[in-house]
**Student:** 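Could you have a look at this structure, given as structure tokens, before my questions?
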Amino acid sequence: YSGKLYFCVESRTNKDENRVDVESLGILEYDPSSKNTKTVLDKNILDYSIDTTNNEIYYYVMNEGLYRADFGGGNAKKLYSCDKTNIYSKISFDGTYLYVSNNTSASIGLNYRPYVWILDLEGNELNKLETRDIYFGDKDYIFSVTPTNGLGYIKKSEITTATGWTAMP
């Protein structure tokens with residue numbers, strides 16, 4: 001984005017059956033021309049997605065939820081609060097919807113069923129689907145390892161009304 005590389009750095013500080021402690025340095029920016037790195041957002045950010053059309057950034061803060069801000073961190077607005085099932089989540093943005101997946105929480109032993117929440121751009125929940133592993137796909141489809149361990153897809157044009165995954169042949 002704008003000739004620079006953006007990334008999150010996180011480290012797991014503790015893991016037991018009932019608790020996972022993850023610390024993040026936030027979102028950092030690396031400028032290859034100057035070879036300088038700087039912090040863009042200094043929060044416990046687990047994942048982010050950049051809206052290049054509106055020059056905004058969506059980011060997920062552990063134990064808090066999903067935020068939207070002007071790129072660079074100004075005018076931050078909380079869009080969606082987390083609960084105990086999605087404290088450690090990954091996100092994606094396709095220009096129309098936001099996707100919040102707690103698959104990471106489930107896979108690191110937090111004992112929650114894995115879901116993907118489909119949100120509008122104001123953080124309103126439009127749908128929630130069980131999934132084993134989510135692949136955010138392209139402009140037309142979202143893919144998943146289904147709850148029965150098969151591969152499945154949903155047309156994004158049907159994402160707000162879908163009740164399950166269509167099995168792939």
Side-chain angles (χ1 to χ4, degrees), residues 1 5-24 26-28 44-54 56-68 78-169:
Y1 181 68
L5 174 67
Y6 295 87
F7 58 97
C8 289
V9 176
E10 61 184 55
S11 64
R12 189 171 305 167
T13 57
N14 179 38
K15 180 186 175 199
D16 65 32
E17 284 184 22
N18 300 309
R19 192 177 92 204
V20 174
D21 294 329
V22 176
E23 292 180 3
S24 168
I27 298 175
L28 289 86
N44 199 6
I45 296 171
L46 298 170
D47 203 8
Y48 69 96
S49 193
I50 298 172
D51 176 353
T52 57
T53 303
N54 295 308
E56 294 177 321
I57 186 166
Y58 295 95
Y59 57 95
Y60 201 90
V61 178
M62 184 171 183
N63 293 316
E64 292 184 29
L66 180 67
Y67 290 82
R68 177 182 60 219
K78 189 174 193 177
L79 300 178
Y80 190 76
S81 293
C82 74
D83 63 24
K84 68 178 186 173
T85 66
N86 61 4
I87 59 170
Y88 189 87
S89 292
K90 298 296 182 179
I91 67 168
S92 184
F93 164 72
D94 65 8
T96 303
Y97 301 112
L98 293 157
Y99 304 88
V100 176
S101 169
N102 74 338
N103 186 62
T104 304
S105 295
S107 69
I108 59 175
L110 288 180
N111 227 6
Y112 300 119
R113 295 186 87 156
Y115 286 97
V116 60
W117 288 261
I118 295 88
L119 312 175
D120 69 15
L121 301 186
E122 293 302 315
N124 299 304
E125 186 176 314
L126 304 174
N127 203 350
K128 178 180 172 182
L129 297 161
E130 190 173 353
T131 180
R132 288 262 184 263
D133 212 351
I134 192 79
Y135 305 98
F136 294 110
D138 61 12
K139 66 183 179 76
D140 298 317
Y141 295 93
I142 187 168
F143 302 92
S144 174
V145 175
T146 67
T148 58
N149 289 323
L151 294 176
Y153 69 91
I154 296 174
K155 292 180 182 179
K156 286 193 176 176
S157 62
E158 301 169 0
I159 197 73
T160 60
T161 58
T163 57
W165 301 92
T166 301
M168 295 181 72

**Student:** Please assess Tyr99 against Ile118 for the test side-chain contact (heavy atoms from CB on, under 4.5 Å), listing each intermediate value before the final yes or no.
**Tutor:** CA-CA 5 Å; Tyr99 304 88; Ile118 295 88; 3.9 Å; yes
**Student:** Do any N or O atoms from the side chain of Asp47 and from the backbone of Tyr60 form a donor-acceptor pair under 3.5 angstrom?
**Tutor:** no
**Student:** Among all residues two or more places apart in sequence or in another chain, which pass the side chain to side chain contact (heavy atoms under 4.5 Å, CB included) test with Asp140?
**Tutor:** Asp138
**Student:** Is the shortest heavy-atom distance from the side chain of Lys156 to the side chain of Thr96 under 4.5 Å?
**Tutor:** no
**Student:** Looking at Asn102, is its backbone amide N or carbonyl O close enough to the side chain of Trp117 to form a donor-acceptor pair, meaning the two atoms are under 3.5 Å apart?
**Tutor:** no
**Student:** Just verifying a value: how many Å separate Leu126 CG and Ile159 CD1, rounded to the nearest 0.5 Å?
**Tutor:** 10.0 Å
**Student:** Only one of Asn127, Thr160, Ile142 passes side-chain contact (heavy atoms from CB on, under 4.5 Å) with Tyr97; say which it is.
**Tutor:** Thr160
**Student:** Any side-chain heavy atom of Val100 sitting closer than 4.5 Å to one from Leu66?
**Tutor:** yes
**Student:** Report yes if some heavy atom in the side chain of Tyr135 is under 4.5 Å from a heavy atom in the side chain of Val145; otherwise report no.
**Tutor:** yes
**Student:** Within the supplied structure, the quantity of interest is the number of heavy atoms (other residues, nucleotides, ligands) at a distance under 6.0 Å from Lys78 NZ; does it exceed 12?
**Tutor:** yes
**Student:** Does Arg68 reach the main-chain N or O of Glu56 with its side chain, forming a donor-acceptor pair under 3.5 Å?
**Tutor:** no
**Student:** With heavy-atom distances below 4.5 Å as the criterion, would you say the side chains of Ile57 and Asp51 are in contact?
**Tutor:** no
**Student:** Just jot down the side chain to side chain donor-acceptor pair (under 3.5 Å) partners of Tyr48, sequence neighbours excluded, or say none.
**Tutor:** none
**Student:** May I ask you to test the Ile45-Tyr67 pair for a side-chain heavy-atom distance under 4.5 Å?
**Tutor:** no
**Student:** Which atom pair, heavy atoms only, marks the closest approach of Phe93 to Ile50?
**Tutor:** CD2-O, 4.2 Å
**Student:** On a heavy-atom basis, which atom in Trp165 and which in Glu130 lie closest, and how many Å separate them?
**Tutor:** NE1-O, 2.7 Å
**Student:** Does a side-chain heavy-atom distance below 4.5 Å link Leu98 with Tyr80?
**Tutor:** no
**Student:** Give, for atom CG of Asn124 and atom CG of Leu119, the distance between the pair rounded to the nearest 0.5 Å.
**Tutor:** 8.0 Å
**Student:** For the residue pair Pro114 and Thr131, what are the closest heavy atoms and their distance?
**Tutor:** CG-O, 2.7 Å
**Student:** When the ring planes of Tyr153 and Tyr141 are compared, do they come out parallel, tilted or perpendicular, using 30° and 60° as the limits?
**Tutor:** perpendicular
